[in-house]
Structure formats: structure tokens, C-alpha cells
Amino acid sequence: MPRTLVKDALAATAPRDSILLQGWVRTRRDAKAFSFVELNDGSSLKGMQVIVDATLPDYAAVARAHTGASVEVQGKLVASQGAGQQWEVVAGKFTVIGEADATYPLQKKGHTMEFLRGIAHLRPRSNLFGAVFRVRSRLAYAVHQFFQERGFVYVHTPIITASDCEGAGELFRVTTLDPAKPPRTEQGGVDYTQDFFAKQAYLTVSGQLEGETFACALSNIYTFGPTFRAENSHTSRHASEFWMIEPEMAFCDLSGDMALAEEFVKHLIRDARTHCAADLEFFAKFVDKDLLTRLDFVLERPFQRCSYTDAIGILTQSGRTWEHPVAWGDNLQSEHERFLAEEHFKCPVTLFDYPRTLKPFYMRVNDDGRTVRAMDLLVPGIGEIIGGSQREERLEVLRENLAQHHLSEQDYWWYLDLRRYGTVPHAGFGLGFERMLMFVTGVPNIRDVIPFARTPGSADF
RNA sequence: UGCCUGGUAGCUCAGUGGCAGAGCAGGUGACUGUUAAUCACUUGGUCGCUGGUUCGAUCCCAGCCCGGGCAGCCA
């Protein structure tokens, strides 16, 4: 008999004389003449109630079916006599596949997120994490769906990169040299010409530059893959390894970029609302009471757009006293971004046209000469979820920018070639997949929306 | 990296310079349908580690280890 997933059994429209379910025991309630076993196989938040009658030859096995045990049930799917569920399974055969004794750490109630992080190998069996990772899977699918439906080409940009100059953040080194006694140059430094790639190599912090080369050939592309930052960040929204989505569009300016970002974020929210309804309701009940109203509010309203310069004006005229002073030319601090998204606009807001000095060399310089076509999408509760820009497509301006950032043209010869041969205006952005998941689920810590979090000092499992 | 905070039973936590506590989980029994079932009884402890003060330290002090939060950096 083929296995039926709990999700499908729960969606049945008629009773069935025989059904096979396999999964893990969530809880058991014993009465005198029978036991209720709640079986969950991860296919849905809700489990299937199984009734095992004490007269069954297999009934002795029920005593070994503690929370966490894996079991197999053959029986009948019938309308439930009880109130809490439409269907239940009356067992004809009940087998314990693998026992779980009293040391099984997951219980029916009262675990902290910190404790569950310590058992990352078991936490997907909990209601909350089962829901998080079903949503994660669904949204990954929705990412591809969104771009594929719009004719974007999925590009696999490299994970190992030899250019230490991608601009963003600290890099993890990739080497096969013996750290105890690396080969030395005559000057005494490490001789990386003898390393695996014959030069210094790192894990990527962004696929953008490589993505641009493909956009300047296939027009609209996107990447979706792991990204690595060696920053010593201890916050609820930073991880050393995370997944990023980076679309890049040829013949596109910043306003087209901002429009795509908004459409994309809304698509992901709408998809989760439609396809993960039960899981989102669970988050709304146990994680964030306002989750569904906030998601719906975001879907219904256009995102606000505000230039950096106007944002500075709003902040200085807010009457607030800021811990960090507000001044044109300085980075906006967390408290400023939070004020804009959570109190002033009270909805996602895209800030654009940042001071040139704050941003990387590849962003397109505006006619005023002092701002660049950059944009950040801020959402309430999380802050920056997207960062993007229109790229500098003019060769001479780009070379000037490289010089200003003290970067060598030799290192970027292929990037400059894009501007030498058939250059086009183009733009793109990066969306932090885990930050999007935090927003959609209401889960407040990035470590709880990634299966096995890597953060400074922690790479277990 | 800076500041703040925590570590007591398998889990969630209370507690005190003088015999270590509760709820849940586990065990035993009761219950004709439960829904985090309920009721009775019950097992379970290196109070993070090391050192110090003290007649006596889980409690006070110092160092260390581990976790968490905020800030910076960013997605």
C-alpha cells in the first residue's frame, strides 16, 4: 500500500477503507480502552489523530510510542467523532519504527528559540520550525516562478571568487595552503602563487558583477544562491552564510529597478498568503499577532519612495532627538531607518539617490555629481531588505570612480569591457532571502529562518 | 568590536549565606472520545567551570566558558 501524506489525508473528501500513514508521534493521550496518537509527517502543520483500540493485537506497541517516536499506521480514514478535526484514522495495524525515550528534547510545549537553536537537527520536527521551513521552500519556488514568468534567465554566478574587490564586506579566504607553514615570498609574505588557484581566493559576497555580464547579453537575469560575509556581526538580522537573490536588467534605470523590487516583494508575500495560509496563521497566533494585517496592508498599498535628501529633511524636522546626529552625507542609522519605515511612512519605503561618498564605485553618478542612483528598500521591523542601484554604464565615469575608490583598473578589466563594448544602462538589486522570510513569518531572528545558521563563533551541525 | 544581560531537574522557570523547589516531560494507577486531556502517587540535581571570602557558598567576589539582546557593518 502506498504511503499517504497527512496533508493529503486531511484534505480527503470521502472516507477510505485503507490508508497508510508514516510519521512521528507528537503527543499521545491514553484512555482506558484506547489511545489517541497524534501523528505528524511534516507535510502540514496539523497532524492526523490516530485511534488505537486496546483490543488491537498491536496495542502493546502504543506504550512505546512516546513523543518523537517514528510510527507506521495502517487503518481506516473515518469522519472524526471528536470536535477538533474532520478526519481521523482508526488503526488496524500500529508499528513503532524507531522509539524515542524520555530524553527526547522536544516536548509539547514551552521551548525557547535559544534552546531549539541548540538542537537544530531536531527542531524541524516542531510546529514552528516545520512551518518556517515549509514557507522557506515555497518562497524559494516563488522566487523562480516570479522571474521565470517574466523571462528572466537564472544564472549561476561563482561561489569562489578571486577578486577581493567586490566592494561589500569582509571575505572568507579559500585556500589549500598549510596555515602552519605557508610558502613565503622573498619579502616574507605568503606566496599565494603557490595556492590552489595560483592567487588569493575567497567566498563570494555578491554575484552582482558577474550577473551584470550576463544581463549585458541575455537582458534580464537573476541569481539565487549562497552568499558569505565574514563580518563579526552579532545581531538578529546578520548571518555569515545567507541566500541572496540578485536580479539584473539591461536597458533599465533606477525607477524600473525600484518598480521590480516592489513587485517582487509583493509577489512573495502574496504567494505565501495563498499557499502557506495555515502556517502563516500559526505565526500570527504564536509569533506575531499583527502579522497578517501587516502583510495585507503591505500588499494593498504602493510602497513609498523618498530621496535620501528628502529623508534627511524629514528626520531633521521630526522634532526627535537622535542618538546619532542626522546630517546630509552621513549614513542613516538604524534608529533613522526605523523611524522612517515604522513611524513616518508606516509602510515599506524605498530610499534613493544616496550621497556618492557613501556608496560603491559601480553606482551611476547623478547629474548633480554628488549623489548616485542607489536605492534601499526598508521594511518595518527589519530595516533594509533590499539594496540596489542603477550601474554606471559610462566608461570614463566608471574609471574615474575606480580611481576615487583606489581600485585598480587591471582588476576590473572584464567589468570595464562591458562598458567598452555595447554598453547599456542597467540596474539591479539584492534581496536577502532570510530577511524576506523574517518579514513574511514574523520570526524575529535570522538564525531561526535558516536550517543551520552560521554566525561568528558558531558553525555547528 | 563596544555596551547590556543570562546560565538552577530532560524542558520552562522560581528561590535562598544554613537539608534544592514548581509546572511540564518520564514512571505507576484511574478515566467510554481526548485535543498542550484530566486526577492521584512517583523517579529525577556536579545550581556552567575554576579559584577565593566564610564555621558553612547555588547565593558574595574574581577569572574563564557558553547563550541572548542592542549598536556598528550590511542583505
Side-chain angles (χ1 to χ4, degrees), chain A residues 26-38 46-54 63-64 66-68 78 80-85 88 90 100-119 122 126-127 166-170 205-208 224 226-246 261 286 323-324 330-338 358-360 376-379 382-388 429-439 444-450 455-458 460:
Chain A
R26 276 296 167 77
T27 177
R28 194 182 88 216
R29 297 175 288 274
D30 297 328
K32 188 174 190 177
F34 50 88
S35 289
F36 296 103
V37 176
E38 188 177 330
K46 202 164 163 44
M48 177 63 80
Q49 173 161 289
V50 177
I51 286 90
V52 190
D53 196 279
R64 296 187 293 123
H66 293 124
T67 300
V78 301
S80 176
Q81 299 171 34
Q85 58 283 316
E88 63 191 19
V90 177
D101 67 16
T103 64
Y104 181 64
L106 273 174
Q107 291 172 21
K108 294 190 269 191
K109 62 184 195 180
H111 292 299
T112 60
M113 301 296 258
E114 292 77 18
F115 169 72
L116 291 166
R117 269 171 223 152
I119 51 165
L122 295 173
S126 68
N127 284 333
E166 295 185 5
E170 300 291 311
V205 294
S206 166
Q208 179 201 317
F224 183 10
T227 308
F228 305 89
R229 305 270 167 97
E231 270 129 19
N232 194 14
S233 302
H234 291 97
T235 81
S236 54
R237 60 191 190 284
H238 288 88
S240 310
E241 176 183 307
F242 61 99
W243 283 60
M244 189 157 64
I245 297 127
E246 296 181 286
F286 291 104
E323 198 177 323
H324 304 271
D330 287 350
N331 267 313
L332 296 177
Q333 306 295 309
S334 268
E335 57 172 339
H336 307 142
E337 294 186 345
R338 269 211 307 277
L358 296 179
K359 294 294 183 182
D376 282 353
L377 174 58
L378 313 178
V379 297
I382 292 164
E384 186 176 344
I385 197 168
I386 281 178
F429 62 79
L431 173 126
F433 188 53
E434 284 78 13
R435 288 192 182 172
M436 188 67 210
L437 278 166
M438 290 166 72
F439 187 69
N445 195 309
I446 197 167
R447 284 171 273 223
D448 300 322
V449 295
I450 192 163
T455 54
S458 176
D460 296 329

Ring geometry between A:Phe115 and A:His111 (parallel below 30°, tilted from 30 to 60°, perpendicular above 60°): parallel
OP1 or OP2 of B:rU35 under 4.0 Å from side-chain N/O of A:Arg26: no
Euclidean distance for P, B:rG45 against B:rG6 (whole angstrom): 27 Å
Side chains of A:Gln85 and A:Ser80, donor plus acceptor under 3.5 Å: yes
A:Met113 CE to B:rU12 C1', straight-line distance once rounded to whole Å: 15 Å
Atom pair distance, as rounded to whole Å: CG in A:Leu378 and C1' in B:rC74: 12 Å
Sugar-phosphate only, base, or nothing, as touched by A:Arg338 at under 4.0 Å among non-hydrogen atoms: sugar-phosphate
Sugar-phosphate, base or nothing in reach of A:Arg237, heavy atoms under 4.0 Å: base
B:rC74 base / A:Arg435 side chain donor-acceptor hit below 3.5 Å: yes
B:rG69 OP1/OP2 closer than 4.0 Å to side-chain N/O of A:Arg447: yes
Donor-acceptor pair under 3.5 Å, A:His238 side chain vs B:rC74 base: yes
Closest contact, heavy atoms only, A:Asp448 versus A:Met113: OD2-CE, 3.5 Å
Sugar-phosphate only, base, or nothing, as touched by A:Ile446 at under 4.0 Å among non-hydrogen atoms: base
Smallest separation among heavy atoms of A:Arg435 and A:Ile382, with atom names: O-CD1, 3.5 Å
Rounded distance in Å between the C1' positions of B:rA9 and B:rC47: 10 Å
Protein-nucleotide distance (A:Glu231, atom CD; B:rA75, atom P), rounded to Å: 9 Å
A:Ala239 side chain, from C-beta outward: closest of B:rU34, B:rA75, B:rA71: B:rA75
For A:Thr235 against A:Arg447, the heavy-atom pair lying closest together: O-NH2, 3.6 Å
Donor-acceptor pair present, A:Gln81 side chain and B:rG33 base, under 3.5 Å: yes
Phosphate-side-chain proximity, A:Asn331 and B:rG72, N/O vs OP1/OP2 below 4.0 Å: no
Between B:rC74 and B:rU5 - P atom distance, rounded Å: 29 Å
Contact under 4.0 Å: A:Arg29 side-chain N or O vs B:rA37 OP1/OP2: yes
Sugar-phosphate only, base, or nothing, as touched by A:Phe433 at under 4.0 Å among non-hydrogen atoms: nothing
Output field: ring centroids A:Phe228/A:Phe242 closer than 6.0 Å: no
Shortest side-chain distance from A:Gln333, nucleotide among B:rC73, B:rG68, B:rA75: B:rC73
Sugar-phosphate only, base, or nothing, as touched by A:Glu246 at under 4.0 Å among non-hydrogen atoms: nothing
Sugar-phosphate, base or nothing in reach of A:Thr27, heavy atoms under 4.0 Å: sugar-phosphate
Sugar-phosphate, base or nothing in reach of A:Gly430, heavy atoms under 4.0 Å: sugar-phosphate
Nearest-Å distance once atom C1' is located in both B:rC66 and B:rC24: 26 Å
A:Glu337 CD to B:rC74 P, straight-line distance once rounded to whole Å: 10 Å
For atom CD of A:Glu384 and atom C1' of B:rC74, their distance in whole Å: 6 Å
A:Asp376/A:Lys359 salt bridge by N-O under 4.0 Å criterion: yes
Donor-acceptor pair present, A:Gln85 side chain and B:rU35 base, under 3.5 Å: yes
Atom-pair distance (CG on A:Asp30; C1' on B:rU35), nearest Å: 14 Å
Phosphate OP1/OP2 of B:rU12 contacted by A:Thr112 side-chain N/O (<4.0 Å): yes
Whole-angstrom distance between B:rC55 and B:rC4, as gauged at atom C1': 38 Å
Phosphate OP1/OP2 of B:rG69: any A:Ser236 side-chain N/O under 4.0 Å: no
Between A:Arg237 and A:Asn445, a side-chain donor and acceptor under 3.5 Å: no
What N/O pairs connect the protein and nucleotides 40-49 of chain B at under 3.5 Å? Give each pair on its own line.
none

Touch class at under 4.0 angstrom, heavy-atom based, for A:Ala31 against every strand present: base
Secondary-structure stems for RNA chain B, with pairs counted as Watson-Crick or G-U when both distances are under 3.5 Å and runs at least 3 long: B:1-7 with B:65-71, B:10-13 with B:21-24, B:26-30 with B:38-42, B:48-52 with B:60-64
Touch class at under 4.0 angstrom, heavy-atom based, for A:Gln49 against every strand present: base
From B:rG67, B:rG33, B:rC31, nucleotide with atom closest to A:Phe36 side chain: B:rG33
Under-4.0 Å side-chain N/O to phosphate OP1/OP2 contact, A:His234 with B:rC73: no
Options B:rC31, B:rU1, B:rG67, nucleotide nearest the side-chain atoms of A:Asn232: B:rU1
Integer-rounded Å distance: B:rC73 P and A:His336 NE2: 11 Å
Heavy-atom donor-acceptor pair, A:Thr235 side-chain to B:rC70 base, under 3.5 Å: no
Phosphate-side-chain proximity, A:Ser334 and B:rG72, N/O vs OP1/OP2 below 4.0 Å: yes
Nearest heavy-atom neighbours spanning A:Val90 and A:Val78: CG2-CG2, 3.8 Å
Rounded P spacing from B:rU42 to B:rU16 in Å: 26 Å
Modelled atom types, side-chain donor and acceptor of A:Ser206 and A:Glu246, under 3.5 Å: yes
Integer-rounded Å distance: B:rC4 C1' and A:Glu323 CD: 13 Å
Contact under 4.0 Å: A:Asn445 side-chain N or O vs B:rG69 OP1/OP2: yes
Sugar-phosphate, base or nothing in reach of A:Phe242, heavy atoms under 4.0 Å: base
